[in-house]
Amino acid sequence: MSTGTLTIDLDAIVANWRALAAMTRAETAAVVKADAYGTGAGRVARALAHAGCRRFFVAVAEEGAALRETVGPDVEIGVFSGHMRGDTDMIADLGLTPMINSLDQLTRHFESLPGHPFGIQLDTGMNRLGMEWDEWAAVAEIALSQRPVLVMSHLACSDEPDHPMNPYQLDLFHQMTDGIGVPRSLAATGGILLGPDYHFDLVRPGIGLHGAAPYRGRPSVGLALPVVQCRDLAPGEVAGYGNGWQAERPSRIATVSAGYADGIFRALAGHLVLWHGDTPCPAVGRISMDLVTVDITDLGEDPEALTLIGPQQDVDEIAVGAGTLGYEILTALGARYARRYAST
Ligand SMILES: *Cc1c(COP(=O)(O)O)cnc(C)c1O
């Protein structure tokens, strides 16, 4: 018995990609780093390529190499971490397109793979990846003479539409790139929602493909956890490590097969609810590595499984209880779940 079944709705992912693409005149790529946010980069990219997506992005070259094996030679795979030391053979053999982040990377790329496609990443204030103003000013002419496929930057606060950082970064990106004659990209999911001023020639949604905040589309995943065992507790009895919960009434407890090793963070204790149809069943006590205890007293029956992610509750709602984002809930979904891909 596995720790549960993660159902990945490829139709929903394609529908979200199309809905985002319909918001812009720019080309719409797809970001499938971190195994497509935990949903399976190969399957997701194949479905999107079939729907017409021609460009994918990953975080590191290893992800790009694995993706190339499943999507074949016809799509572009951009690598956000650029051309790192040791990546040259992978970039060359698997036809990856590094987004060059620094003069160091630019030198490495031109010396080791002259003529091989590349993009440029600029830093417009996030201070994470990309060339800053001075560095870009120094290398722009030579970099542009080698015809990069894309010049991009990334917004730090795009999930807050009124944040002054957004127009600040937009203005800086214009100053750094106006007139270069190369396709440009600034927007991830949040940037798409900021409107066409932010779209340039290509947009790069990741989380939006999963229908999670900041874009509320069709949820890409569902998660059902099998019940291993049910038992009655008398008032005063306790459940879980550290006697983390005590029954105040005659209670029935279901133990489900999944825990913090499967992305159900310990920090969710006290905030986590599972569902049987429309009936909420609160998780009680501490969350173990492989198990969660759930109060099913009000259910009146012993269920075979309980739903963690489904119509009643999406990854964003779960995230609130752990003080995090749907991004982290999705990407933390562990390798132990049975994955079932649904599509018509
Ligand atoms: C992760 C990432 C994206 C996708 O961001 P979402 O918010 O998931 O849409 C786009 N661009 C860069 C540089 C990223 O790191």
Side-chain angles (χ1 to χ4, degrees), residues 13 16-21 23-24 26-39 41 44-45 48 53 55-61 63-64 67 76-84 96-102 105 118-131 148-161 163 165-166 169-170 173 177 183-195 198-217 219-221 314-316 319 324-333:
I13 292 172
N16 291 329
W17 181 78
R18 288 204 170 110
L20 290 161
M23 292 179 200
T24 179
E27 178 183 347
T28 303
V31 176
V32 293
K33 62 193 180 188
D35 203 21
Y37 295 34
T39 63
V44 168
L48 289 171
C53 183
R55 241 201 270 213
F56 297 90
F57 289 95
V58 293
V60 295
E63 292 181 324
L67 186 62
E76 187 179 296
I77 300 174
V79 179
F80 289 141
S81 62
H83 191 147
M84 292 173 67
L96 309 179
T97 306
M99 300 292 125
I100 300 295
N101 288 298
S102 63
Q105 289 197 348
F118 68 101
I120 297 278
Q121 186 156 202
L122 301 177
D123 178 61
T124 50
M126 190 175 185
N127 286 309
R128 190 180 68 167
L129 279 179
M131 293 188 226
V149 298
L150 191 71
V151 173
M152 59 169 282
S153 187
H154 194 50
L155 297 166
C157 304
S158 67
D159 56 344
E160 297 177 59
H163 201 293
M165 188 70 168
N166 297 321
Q169 288 191 266
L170 176 64
F173 191 57
T177 62
R184 294 184 285 178
S185 177
L186 181 61
T189 303
I192 297 174
L193 303 177
L194 293 177
Y198 288 81
H199 295 175
F200 294 88
D201 303 296
L202 177 121
V203 296
R204 320 180 302 266
I207 194 72
L209 305 174
H210 304 282
Y215 172 67
R216 295 300 194 129
S220 66
V221 300
D314 62 20
V315 290
D316 291 315
T324 183
L325 304 173
Y327 289 82
E328 193 181 7
I329 301 292
L330 263 183
T331 54
L333 293 170

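Both ligands and their constituent atoms are indexed starting at 1 by order of listing. Residue indices begin at 1 and follow the sequence shown.
Considering backbone and side-chain N/O atoms, A188 never comes within less than 3.5 Å of an N/O atom of ligand 1. Inclusion of T189 in the set of residues having an N or O under 3.5 Å from an N or O of ligand 1 is warranted. Residue G208 has no nitrogen or oxygen atom sitting less than 3.5 Å from a nitrogen or oxygen atom of ligand 1, judged on distance alone.
F173 and F200 have perpendicular rings, their planes meeting at more than 60° on a 0 to 90° scale where under 30° would count as parallel.
Residue contacts with ligand 1 for V31 involve side-chain atoms from C-beta outward but no N, CA, C or O (heavy atoms, distance under 4.0 Å). Residue-level proximity to ligand 1 for H154 is carried by the side chain, the only part with a heavy atom below 4.0 angstrom. The residue F57 has no part lying near ligand 1, judged by heavy-atom distances below 4.0 Å.
Side-chain contact between D123 and R128 is absent, with no heavy atoms from C-beta onward closer than 4.5 Å.
The protein non-hydrogen atom at the shortest distance from atom 14 (C) of ligand 1 is K33 NZ, 3.0 Å. For atom 7 (O) of ligand 1, the closest non-hydrogen atom on the protein side is Y327 OH, 2.5 Å.
For ligand 1, the atoms closer than 4.0 angstrom to any heavy atom of M152 are 13 (C). Heavy-atom proximity to R128, at under 4.0 Å, picks out these atoms of ligand 1: 15 (O). Under a 4.0 Å criterion applied to the non-hydrogen atoms of P205, ligand 1 contributes the atoms 9 (O).
When atom types are taken as modelled, the side chain of D35 and the backbone of A41 share a donor-acceptor pair closer than 3.5 angstrom. Although no hydrogens or angles enter the test, the distance criterion places a donor-acceptor pair under 3.5 Å between the side chain of W17 and the main chain of A29. Between the side chain of S185 and the backbone N or O of M152, no donor-acceptor pair lies under 3.5 Å. Without hydrogens or angle criteria, H163 side chain to S158 main chain gives no donor-acceptor distance under 3.5 Å. In terms of modelled atom types and a separation under 3.5 Å, the side chain of Q105 and the main chain of S81 share a donor-acceptor contact. Without hydrogens or angle criteria, Q121 side chain to F80 main chain gives a donor-acceptor distance under 3.5 Å. In this structure, the side chain of Q169 engages the main chain of A156 through a donor-acceptor pair within 3.5 Å.
Heavy-atom distances between M99 and ligand 1 stay at or above 4.0 Å for every pair. Residue-ligand proximity: Y37 is placed with a non-hydrogen atom under 4.0 Å from ligand 1.
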